[in-house]
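Down below is the structure, laid out as structure tokens.
Given the structure is predicted, the values throughout are model-derived calculations rather than measurements.
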Amino acid sequence: MSRTSVVPDLIDSLIALCTASMDCTVSDTWPVDMNSGPRILFGVEDLDGERARGASSRQSWPHASKVSRDEEGEIYGAIWVTSGVESAKDARDAAYGLSGTLESLLRADVTVGVPAVLWTSYSPDWYTPYRLADGFGVACAVYFSISYKARL
């Protein structure tokens, strides 16, 4: 585990958890091709932004001895679903279905197996529909954040 921050370990654990438990492609940031299948992307705050944040964190010294630090922050991500047809509802329902599964996984293990993490909390932040070019149909993204608190 990185002693500077839990962010790298937390992202690695989230990717491993979703890869093992969910029926979709799981990516560490943007993949090369996003036109097929449902995906969960970690480290992506905004699919349209060129310099969007992947995570943020803040640290404080909780004790006078400075032996340990408290860290809190957010891991950003996106759920991307393409429908292949003209139905925005199908894409939206599938994306929110994956969102619910991810939330259930985090409720089942609030530390995501990272020893320094005290808790995580999932929040679907916003939904964006997309019309794809060249007859690929519609897609949607559900952007989310996973808040956490850790003791380093």
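Cation-pi geometry between Arg69 and Trp61 is met: the NZ or CZ atom falls under 6.0 Å from the ring centre, inside 45° of the normal.
Checked against a 6.0 Å centroid threshold, the rings of Trp80 and Tyr130 count as neighbours.
Val7 is listed as a side-chain neighbour of Tyr148, based on a closest heavy-atom distance under 4.5 Å. Within the 4.5 Å cutoff, no side-chain heavy atoms of Leu152 are placed close to those of Ser68. Side-chain contact check for Arg39 versus Cys24: every heavy-atom pair is 4.5 Å or farther apart. At a threshold of 4.5 Å between non-hydrogen side-chain atoms, the residues Thr29 and Phe42 do not count as touching. Taking 4.5 Å as the limit, every side-chain heavy atom of Thr111 sits out of range of all side-chain heavy atoms of Leu118. Residues Thr25 and Pro38 are not in side-chain contact: their nearest non-hydrogen atoms beyond the backbone lie 4.5 Å or more apart.
The salt bridge (Lys or Arg N to Asp or Glu O under 4.0 Å) contacts involving residues 99-118 comprise Glu103-Arg107, where partners must be two or more places apart or lie in separate chains.
Using a cut-off of 4.0 Å between Lys/Arg side-chain N and Asp/Glu carboxylate O, Arg151 and Glu72 are scored as not salt-bridged.
In this structure, Ser57 OG and Leu10 CG are separated by 10.5 Å, a value rounded to the nearest 0.5 Å. Taken from CD in Gln59 to OG in Ser5, the straight-line distance is 6.0 Å, to the nearest 0.5 Å. The CZ atom of Arg92 sits 7.5 Å away from the SG atom of Cys140 when rounded to the nearest 0.5 Å. Distance CD1/Ile79 to OH/Tyr96: 9.0 Å, rounded to 0.5 Å.
What you find for Gly73 and Arg58 is that their closest heavy atoms are CA-NH2, 3.7 Å. A pairwise comparison of heavy atoms in Val138 and Ser87 identifies CG2-O, 3.3 Å as the closest pair. Nearest heavy atoms, Tyr76 versus Glu45: CB-CA, 3.8 Å.
By the rule that hydrophobic residues join a cluster once side-chain heavy atoms approach within less than 4.5 Å of another member, Leu14 and Met22 end up as members of one cluster. Ile146 and Leu105 fall within a single hydrophobic cluster, where Ile, Leu, Val, Met, Phe, Trp and Tyr side chains are chained together by heavy-atom contacts under 4.5 Å. Grouping the Ile, Leu, Val, Met, Phe, Trp and Tyr side chains by contacts below 4.5 angstrom, directly or via other members, places Leu17 with Ile40. With hydrophobic clusters built from ILVMFWY side chains whose heavy atoms lie under 4.5 angstrom apart, Ile15 shares a cluster with Phe144.
With 3.5 Å as the limit, one finds a donor-acceptor pair spanning the side chains of Asp125 and Ser145. A side-chain donor from one of Tyr122 and Ser99 sits under 3.5 Å from a side-chain acceptor of the other.
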